[in-house]
Amino acid sequence: MKRNLNELVSTILNKINHINHLKQLQSHLTTLGHSQTHFYAFKLFRFCSIKLSNLHYAQQIFNHIHSPNIYLFTAIITAYSSQQNNHSLTFSIFKNMLNSPIRPNNFIYPHVLKSSKERFLIGSVHAQIVKTGFLEYPVVQTSLVDSYSKVLGGLRDAQKVFDEMSERNVVCFTALVSGYLRAGDVECGLKVFDEMVERDVPAWNAVISGCTQNGFFSEGIRLFREMVFVAAAGEGGFCKGNKPNQVTVVCVLSACGHASMLQLGKWIHGYVYRHGLVVDSFVSNALVDMYGKCGNLELARKVFEMDQCKGLTSWNSMINCYALHGNCEGAIAIFEQMVECGSGVRPDEVTFIGLLNACTHGGLVKQGCGYFDMMVKKYGIVPQIEHYGCLIDLLGRAGRFDEAMDVVKGMSMEPDEVVWGSLLNGCKVHGRTDLAEFAAKKLVEIDPHNGGYGIMLANIYGELGKWDEVRNVWCKLKQQKSYKIPGCSWIEVDDKVHQFYSLDQSNPKTEELYSVLESLFGYRSEVMIEM
DNA sequence: TTAGGGTTAG
């Protein structure tokens, strides 16, 4: 009879899709005397929170049970920990559980840890894990490694837990690699990755994504090539093993975009189709971004048009493509299409950075200022320092320095290097040496060790004839041993990226390269020599 | 029932 009822409840839950049906089922179960039966409460809770995404009513189901068991506590903690803004609630439920007769088990800890966003909180859960004897469970250990590595100052604790593990699998290795890369420690991340005996797709993705996010694009691409090589050479050929998936493709396309590697980007686009990968919104947006950054606006637009479910990032990526190409009309047209298409997508702070950049490149001062106002007044977006940077760039390039300075004075945060740099740039264009001196001084104040700023200030003093100041700046630069970071440019030829640094002469073909440049420019140029 | 990997700006 009981078995029949269990089956019946499962069958009904498989068929219903509305909260009222769930309430009816709940009433029937109460009539049958099961209002406090943990098993059914658990079933109803899971259905309500997962299938109906109604955590509010799921909470009521939980509250209705006088003495919830470990399954119900795990279910409610799982539900809250998977949400963005309910971490403190997860924790308070866990505390309530500890105050009840119910003891934690190994299944509940990973969820509690997922909600622990402070180092001291993880430490207290860690102590609880030791106290209750669950530290030997690999999944619990991995959760500790992952959680510690995600909080400020937690990497050493993550490494310590990892070092004390008796058996380490690919998942805990990946958690640690991701931790180092997230913290920007690429060297340690790659070192741990090198130590991995087994590497699966998420492990490769973690290291490729980490390199890309830290600006190590060539390393990310090198690792992608290695992944493809290993997958192709593995048992069963390219059809089996750790083939790059959509996540890999998204990570490596981002690297291709930043490194302007169009040919590789195209090869990956082909790979997506050859291997039947679904072009979801992530893949589509990554392709749009890659084509845009590599200079092929036409293909970027083609991929964008093919996306049937354009989300905020899709629109933003396309706006940024146009902005990058200085095509302000295109950027504005996409923005207008975005707000008028009725899809309910609202612009965010990234949208306006793209739009303001586009207006700056097109010299559309009035429209740019209008978009800044629209962002604040219509969409309630608080301007970030990047928006101020764009606005000052826009005004500075147009020579509207009084307005630019009013914006600087009205900023709710301290102006940064981008803000003063934009103003300085405008001053140079319009010959406002007096204001340029002011901006350059600010830049030197912010970063006294940046030789580039010092040299700019010295040059401005030179233009003003302030030779004592010129001497002072150069003396300080020499004392500090501050040098300007050399300008760098790169080009992709035959699938290889060649980097060129200003004035460097270390390349064995230096003389030959300079001769070519000389024949091109008609004079001895000191442009770029490859490193 | 529990653990690791994804795009856009600056």
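Order of the sequence lines sets the chain letters (A, B, ...), proteins ahead of strands, with each chain counted from 1.
Within the 4.0 Å cut-off from OP1 or OP2 of dT2(B), not a single side-chain nitrogen or oxygen of T74(A) is found. Dashed line: the shortest gap from a side-chain N or O of S209(A) to OP1 or OP2 of dG6(B) is under 4.0 Å. Between Q246(A) and dG5(B) there is no side-chain polar atom (N or O) within less than 4.0 angstrom of OP1 or OP2. R182(A) has a side-chain polar atom (N or O) that falls below the 4.0 Å cut-off from OP1 or OP2 of dG5(B). For dA9(B), one of the phosphate oxygens OP1 or OP2 lies less than 4.0 angstrom from a side-chain nitrogen or oxygen of K293(A). For N357(A) and dG10(B), the shortest distance from a side-chain N or O to OP1 or OP2 is below 4.0 Å.
Side-chain N/O atoms of T142(A) and base N/O atoms of dA3(B) include a donor-acceptor pair closer than 3.5 Å. Side-chain to base pairing of N169(A) with dG4(B): no donor and acceptor N or O lie closer than 3.5 Å to each other. Not a single donor-acceptor pair, N or O on each side, falls under 3.5 Å between the base of dG6(B) and the side chain of N245(A).
Residue contacts for V177(A): at a heavy-atom cut-off of 4.0 Å it reaches no nucleic acid atom on any strand shown. Here S178(A) lies in heavy-atom contact (under 4.0 Å) with sugar-phosphate atoms only. Across all strands, N320(A) comes closer than 4.0 Å only to sugar-phosphate atoms, never to a base (heavy-atom distances). No contact: E417(A) has no heavy atom under 4.0 Å from any strand. Residue V170(A) is in base contact, counting any heavy-atom pair closer than 4.0 Å across all strands shown. When heavy atoms are screened at a 4.0 angstrom cut-off, V201(A) is found touching base atoms of the nucleic acid. Residue-level contact check: A203(A) touches the bases, meaning some heavy atom is under 4.0 Å from a base atom.
In this structure, CG on L144(A) lies 9.5 Å from CE on M165(A), to the nearest 0.5 angstrom.
Taking atom NE2 of H258(A) as the reference point, atom P of dT7(B) lies 10 Å away to the nearest angstrom. Rounded to whole angstrom, the span from the CZ atom of F304(A) across to the C1' atom of dT7(B) amounts to 14 Å. Counting to the nearest Å, the P atom of dG5(B) and the CZ atom of F282(A) are 13 Å from each other. M165(A) places its CE atom 13 Å from the P atom of dG4(B), with the value rounded to the nearest Å. For the pair I208(A) CD1 and dG4(B) P, the interatomic distance rounds to 19 Å; values are reported in whole Å. Here dA9(B) presents its P atom at 13 Å from CE of M318(A), a figure rounded to the nearest Å. Rounded to an integer number of Å, the gap from I108(A) CD1 to dT1(B) P is 16 Å. Straight-line distance from the CG atom of D146(A) to the C1' atom of dT2(B): 13 Å, rounded to whole Å.
Less than 6.0 angstrom separates the ring centroid of H275(A) from the ring centroid of Y271(A).
Put simply, Y71(A) rests on the base of dT1(B): the two rings are less than 5.5 Å apart at their centres and nearly parallel, under 30°. Stacking of the aromatic ring of F107(A) onto the base of dT1(B) is found: the ring centres lie under 5.5 Å apart and the planes are inclined by under 30°.
Geometrically, R119(A) does not engage Y148(A) in a cation-pi contact, judged by NZ or CZ lying under 6.0 Å from the ring centre and within 45° of the ring axis.
With dA3(B), dG6(B), dG10(B) as the candidates, the nucleotide lying closest to the side chain of V418(A) is dG10(B). Across dT7(B), dG4(B), dG5(B), the shortest atom-to-atom separation from the side chain of D200(A) is found for dG4(B). Distance from the side chain of S254(A) is smallest to dT7(B) among dA9(B), dA3(B), dT7(B). Side chain of T174(A), nearest nucleotide from dG4(B), dA9(B), dG10(B): dG4(B). Picking from dT2(B), dG4(B), dA9(B) the nucleotide with the shortest atom distance to the side chain of P110(A) gives dT2(B).
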F134(A) vs Y137(A), ring-ring contact (aromatic ring centres under 6.0 Å, His included): CA-CA, chis, key distance, verdict: CA-CA 6 Å; F134(A) 289 105; Y137(A) 283 75; 5.4 Å; yes
Evaluate ring-ring contact (aromatic ring centres under 6.0 Å, His included) for F352(A) paired with F335(A), printing each intermediate quantity in order. CA-CA 9 Å; F352(A) 284 99; F335(A) 174 72; 5.8 Å; yes
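Here the side chains of T248(A) and F224(A) are in contact, with some heavy-atom distance below 4.5 Å.
With hydrogens and angles ignored, the 3.5 Å screen pairs no side-chain donor or acceptor of S284(A) with any backbone N or O of S281(A).
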